[in-house]
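Only heavy atoms go into these numbers, but all of them, side chains included; no hydrogens, no water, no symmetry mates. These numbers were taken from a predicted model, which means no experiment stands behind them. To find a chain, count down the sequence lines: A is the first, B the second, and so on, and within it residues start at 1.
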Amino acid sequence: MNAENYIKLEFPSKSCNEAYARTAAAAFAAQLDPTLEELGDIKTAVSEAVTNCIVHAYPDTVGRIRMRLRILPENRLEIAVQDWGRGIENVDKAMEPLFTTGGEERSGMGFTIMESFMDRLRVRSKPGRGTTVTLLRRIRSRGEPG
Amino acid sequence: MNISTAFADGRLTAYFAGELDQHEARRAMQTMDELLEEYLPRDLVVDLSGLNFMDSSGIALLIRVSRRIRETGGRMWIENPGQQPKRVIDTAGIDRLIPVTVRNL
């Protein structure tokens, strides 16, 4: 599918980059003239996806995270967050609400929030090779009925 | 994220300001542990009016704080979440665990 616009960012899996990733995604999404609520949803979903890379994909090291954003026809924003880390053994299990391998510090709500805040969520993973989380959200143009 | 406090009559109010994500949550949990140890409050209010952003790491922190305060027989509630934090709280369903109120400022 031809993108009308895109950016690719790569950064290390350091937690200080969570805020940067959110802001970068919001800045790119701005060209679709989203509402504040839509921007909030996008920032939250990106924060969850990037945090998963930092906490789960590279638990003991610092690895690469690549974020690609694309504007697709009909005002759709696609965000792909990719890592080359640990991978997920059982994707269905990982996406169950409250399930986490991260201990007391994690809520297990990351995928639930991504799924609720975006129109579509796709997770592809190979243990030992890495994971790609793809998020899609159609931004309603102002004046469209909500 | 900054945490400022007010304490009176056994009630500790912790004001969260800024953004609460995984990067901020660890230090914030430490701060909350220290505050609970110092004040031993009967009631804990977490005021989110100054919080611009929260993700599920913030949810985990709120759950852990609520467990701590309940261990000592105290009560906790959340006050004045903005639009985005409230959306995360509602999606996670923790308003069933920790009451959320809006107080007229």
Side-chain angles (χ1 to χ4, degrees), chain A residues 11-23 25-26 34-59 62 65 81 94-95 97-118 121 135, chain B residues 1-3 16-34 36 46 48-71 76 78 80-98 100:
Chain A
F11 48 90
S13 61
K14 295 185 174 185
S15 60
C16 55
N17 284 331
E18 289 156 13
Y20 164 70
R22 297 195 289 273
T23 306
T35 62
L36 282 177
E37 287 75 15
E38 285 170 325
L39 267 182
D41 285 0
I42 291 162
K43 287 172 71 174
T44 312
V46 165
S47 202
E48 300 293 349
V50 168
T51 298
N52 274 355
C53 299
I54 293 165
V55 171
H56 297 296
Y58 303 112
V62 174
I65 299 172
V81 178
M95 291 179 68
L98 303 177
F99 177 83
T100 182
T101 56
E104 205 196 23
E105 281 185 12
R106 309 306 306 157
S107 70
M109 297 300 298
F111 279 127
T112 302
I113 286 174
M114 282 186 252
E115 227 165 4
S116 301
F117 283 33
M118 302 298 278
L121 163 68
L135 305 158
Chain B
M1 184 183 75
N2 287 326
I3 301 176
F16 287 9
E19 302 196 334
L20 179 52
D21 58 11
Q22 187 262 340
H23 179 67
E24 297 290 339
R26 189 165 287 175
R27 194 163 45 101
M29 189 65 227
Q30 212 170 319
T31 302
M32 291 307 296
D33 276 339
E34 287 165 8
L36 291 179
V46 177
L48 300 185
S49 50
L51 196 67
N52 303 319
F53 177 86
M54 184 175 80
D55 66 10
S56 68
S57 302
I59 296 293
L61 179 138
L62 291 169
I63 291 172
R64 286 174 71 196
V65 171
S66 81
R67 280 199 192 120
R68 293 270 193 282
I69 190 107
R70 281 189 190 142
E71 278 165 10
M76 173 183 166
I78 294 165
N80 302 323
Q83 186 271 332
Q84 188 275 341
K86 181 151 195 317
R87 179 133 155 77
V88 173
I89 286 166
D90 290 347
T91 304
I94 65 157
D95 47 336
R96 284 174 268 155
L97 179 69
I98 306 165
V100 179

Quiz item: Which atom names give the shortest non-hydrogen contact between A:Met109 and B:Ser56, and what distance separates them?
Solution: CB-CB, 4.1 Å
Practice problem: Please name the pair of heavy atoms, one in A:Ala19 and one in B:Asp21, separated by the smallest distance, quoted to 0.1 Å. | Solution: N-OD2, 4.1 Å
Answer with side chain, backbone, both or neither: which region of [X] has an atom nearer than 4.5 Å to a non-hydrogen atom of chain B?
X       : result
A:Asp41 : side chain
A:Ser47 : both
A:Val55 : side chain
A:Leu39 : neither
A:Ala45 : neither

Proximity breakdown for [X] and chain A, heavy-atom pairs closer than 4.5 Å:
X       : value
B:Arg87 : both
B:Met54 : backbone
B:Gln84 : side chain

Self-check item: CE-CG distance between A:Met114 and B:Asp55, expressed to the nearest 0.5 angstrom
Solution: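 A:Met114 CE to B:Asp55 CG: 10.0 Å, rounded to 0.5 Å.
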Quiz item: How far does CD1 of B:Ile59 sit from OG1 of A:Thr112, to the nearest 0.5 angstrom?
Solution: 11.5 Å
Exercise. Answer yes or no: is there a donor N or O on one side and an acceptor on the other, between the side chain of B:Gln22 and the main chain of A:Ser15, under 3.5 Å?
Key: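 No; zero donor-acceptor contacts below 3.5 Å.
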Quiz prompt | Check ion pair A:Arg22-B:Glu19 (N to O, under 4.0 angstrom) | solution = yes
Quiz prompt | Choice from A:Lys43, A:Glu48, A:Lys14 maximising heavy atom contacts with chain B below 4.5 Å | solution = A:Glu48
Exercise. Please check if atom CZ in B:Arg26 has more than 12 non-hydrogen atoms from other residues, nucleotides or ligands closer than 6.0 Å.
Key: no
Quiz prompt | B:Val88 and A:Ile113, any side-chain heavy atoms less than 4.5 Å apart | solution =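 A:Ile113 reaches B:Val88 side chain to side chain.
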